[in-house]
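Next up is a structure, given as structure tokens.
Values in this document were obtained by computation on a predicted structure and should not be read as measured data. Because only heavy atoms are used, hydrogens play no part in the values below, and waters and symmetry mates are left out as well, while side chains stay in.
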Amino acid sequence: MNQATMPDVDQFVDDARAWLRTVAEPRTQIKWGVGSDSVAVFENWTAEQERDETDHIRAYEQAKFDAGWGAMNWPVEYGGRALPMSYVLAFRREENAFDVPRRTEMFSVTQQLVAPAIAQWGTPEQCERYVRAMLRTDIIACQLFSETEAGSDLAAVRTRAVERDGRWTITGHKVWTSGARVADFGVAVCRTDPEAPKHAGLTVFLVPMDAPGVTVRPIRQMTGGSSFNEVYLDGELSDDYRLGPVGQGWPVALTVLAAERLDAGNLGLANADQAVELARHLGRELSEIERDTVADLVTRSYVQRVTGMRVAAAVVADKDPGPEASVGKLLATDTMARTSEVVRLLLGRDLIADSGEWGTFAWTEHVLGAPGYRIAGGTDEIQRNILAERVLGLPREPRP
């Protein structure tokens with residue numbers, strides 16, 4: 001799209017706001033103590049609840065896509081408007097001001113990680129079949145990356161894929177897979193050449209989650225929910241499901257991982273804001289220590305937001321936002337931890353006693369779930385390594 005046909009930004013924002021008013025209420029009209037008080041980091045849903053909530057979010061995403069507000073920076077052939085990323089960010093700012101369904105991890109994985117990877121690495125047939133459908137969320141995808149012996153060291157995966165007569169036999173075990181119960185496809189990193197160096201012997205596949213030999217087993221979390229799963233793979237796939245060249249699975253996986261960290265810096269901000277609102281509606285005067293702790297959380301939230309803007313600026317300028325994204329991820333996990341401290345201080349024993357009072361016991365799911373994000377999306381140690389090597393210029397330690 002050339003400059004002459006680029007929509008005026010102010011008009012674009014006005015139009016976005018007008019459409020959002022047709023589907024949701026502004027958040028400023030939401031009253032404290034009304035509606036859901038969920039602040040779960042990892043949702044505590046049954047399989048049926050997860051399916052219902054996924055369908056609810058999907059309906060909004062499809063309506064957004066059909067109205068021209070989804071996939072705006074994508075080419076027209078995929079249902080987009082070929083707009084710069086700055087317009088996408090402008091829409092997201094307006095969207096955040098409305099009570100629209102909150103996307104679960106599955107939707108960012110599908111639209112922002114897997115669809116771009118297929119667009120970059122897929123065959124023309126795969127692009128035609130999957131990309132638009134994923135952007136519209138007609139198809140939902142999950143990541144089949146981590147294994148018990150290969151979490152942060154993804155290249156150490158042991159799941160095997162062996163080719164014979166144009167078909168691949170895949171055997172292995174994946175863990176920590178969010179949304180596997182509701183996903184249509186899983187993006188699996190498999191070892192296809194055990195003799196090659198570990199980064200060179202990998203291939204990626206699009207695995208139908210209802211294929212014979214795919215078994216999903218929920219992993220019970222300490223919150224009581226099962227948003228994570230382990231997935232057992234023991235079946236065959238045709239070569240049509242291979243994504244990218246044989247042996248090039250590492251760069252394909254990196255395409256997914258690079259996008260994974262772009263949104264990480266926004267994690268936890270909604271709950272931090274909710275904790276500040278809790279302080280405002282506590283019904284009593286705060287102590288000096290409580291006021292200091294809440295003020296510290298507000299300050300850190302602003303720093304995290306500024307870092308998020310730096311990541312967005314790098315994306316808009318088509319620059320590598322890797323170091324900024326790593327800082328954002330570290331700040332996000334810190335904000336989550338500080339939010340837990342504030343809530344424990346404000347609520348005391350009311351945090352662990354299910355009195356039925358709105359906005360109290362619900363915080364247990366944040367407190368128990370927040371530590372998990374020090375691992376999810378790249379551990380804190382991995383983020384610090386990125387900063388040490390790419391910002392400070394420190395040498396990488398030799399592998400044993």
Side-chain angles (χ1 to χ4, degrees), residues 36 38-65 70-71 74 79 92 95-96 100-119 129-146 174-189 204-211 214-219 221 223 225-231 233 243 253 255-264 266-268 270-271 332 365 369 372-373 375-378:
S36 172
S38 174
V39 285
V41 176
F42 302 106
E43 298 294 351
N44 185 12
W45 289 327
T46 65
E48 183 179 0
Q49 288 172 328
E50 185 175 13
R51 171 59 64 186
D52 289 345
E53 188 63 25
T54 299
D55 289 343
H56 175 59
I57 301 168
R58 191 201 309 256
Y60 168 71
E61 291 295 322
Q62 290 172 338
K64 182 169 71 172
F65 184 93
W74 281 78
R92 288 183 185 176
E95 189 178 42
N96 287 337
V100 298
R102 188 180 70 176
R103 294 195 309 169
T104 56
E105 182 178 348
M106 302 312 305
F107 290 85
S108 58
V109 166
T110 300
Q111 297 168 315
Q112 295 165 222
L113 278 62
V114 180
I118 295 175
R129 178 181 179 186
Y130 298 117
V131 175
R132 182 187 176 100
M134 287 187 176
L135 294 174
R136 193 176 183 269
T137 67
D138 299 329
I139 294 175
I140 299 292
C142 63
Q143 290 175 263
L144 299 173
F145 278 19
S146 293
K174 301 291 185 175
V175 295
W176 318 126
T177 303
S178 300
R181 296 187 294 190
V182 296
D184 302 296
F185 283 85
V187 181
V189 179
V204 172
F205 295 87
L206 299 170
V207 179
M209 295 302 288
D210 60 354
V214 177
T215 303
V216 177
R217 296 180 182 175
I219 299 174
Q221 300 151 208
T223 58
S226 298
S227 61
F228 300 140
N229 305 271
E230 54 183 344
V231 179
L233 303 171
L243 180 60
T255 302
V256 176
L257 292 174
E260 182 178 26
R261 288 168 188 155
L262 294 184
D263 275 349
N266 296 319
L267 294 169
N271 283 5
E365 292 198 53
Y373 260 104
I375 301 173

Apply side chain to side chain donor-acceptor pair (under 3.5 Å) to Q221 and list each qualifying residue two or more places apart in sequence or on a separate chain.
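With neighbours one apart ignored, the set is T223, S227.
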
Residues forming a side chain to side chain donor-acceptor pair (under 3.5 Å) with Y373, sequence neighbours excluded
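Residues passing side chain to side chain donor-acceptor pair (under 3.5 Å) with Y373: none at all.
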
Could you pull out all residues at least two apart from R136 that satisfy salt bridge (Lys or Arg N to Asp or Glu O under 4.0 Å)?
D66, D138

Would a distance-only check, ignoring hydrogens and angles, find a side-chain to backbone donor-acceptor pair under 3.5 Å from T110 to A141?
yes

For E50, salt bridge (Lys or Arg N to Asp or Glu O under 4.0 Å) partners two or more places apart
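Partners of E50 by the salt bridge (Lys or Arg N to Asp or Glu O under 4.0 Å) criterion, ordered by chain and then number, come out as R181.
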
Residues which pass side chain to side chain contact (heavy atoms under 4.5 Å, CB included) with A211, listed by chain and number, not counting sequence neighbours:
P208, V214

Pair Q49, E43: side-chain N/O donor-acceptor within cut-off below 3.5 Å:
no

Please walk me through it: do L206 and I118 pass side-chain contact (heavy atoms from CB on, under 4.5 Å)?
CA-CA 9 Å; L206 299 170; I118 295 175; 4.0 Å; yes

What are the two closest heavy atoms between P218 and S226, and how far apart are they?
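Of all heavy-atom pairs spanning P218 and S226, the closest is CB-CB, 3.6 Å.
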
Stepwise side-chain contact (heavy atoms from CB on, under 4.5 Å) test for S38 and E365:
CA-CA 8 Å; S38 174; E365 292 198 53; 5.7 Å; no

With sequence neighbours left out, write down each residue that passes side chain to side chain donor-acceptor pair (under 3.5 Å) with R51, or none if nothing qualifies.
none

Testing the basics here: between A180 and V231, what is the closest heavy-atom pair and its distance to 0.1 Å?
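Nearest pair, atom of A180 first, then V231: CB-CG2, 3.9 Å.
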
Taking V216's backbone N and O only, do any of them form a donor-acceptor pair with N229's side chain (distance below 3.5 Å, no angle check)?
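Side chain of N229 to backbone of V216: no pair is present.
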
Show, in sequence, the C-alpha distance, side-chain angles and deciding distance for I140 and R58, and conclude whether the side-chain contact (heavy atoms from CB on, under 4.5 Å) test is met.
CA-CA 9 Å; I140 299 292; R58 191 201 309 256; 3.6 Å; yes

Closest heavy-atom contact between M106 and G179?
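Nearest pair, atom of M106 first, then G179: SD-CA, 3.2 Å.
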
If we ignore hydrogens and angles and just use 3.5 Å, is the side chain of K174 paired with the main-chain N or O of V189 as donor and acceptor?
yes

Measure the spacing between OG1 of T137 and CD of Q111 and express it to the nearest 0.5 Å.
6.0 Å

Calculate, to the nearest 0.5 Å, the distance between atoms CZ and CH2 belonging to R132 and W74 respectively.
12.0 Å

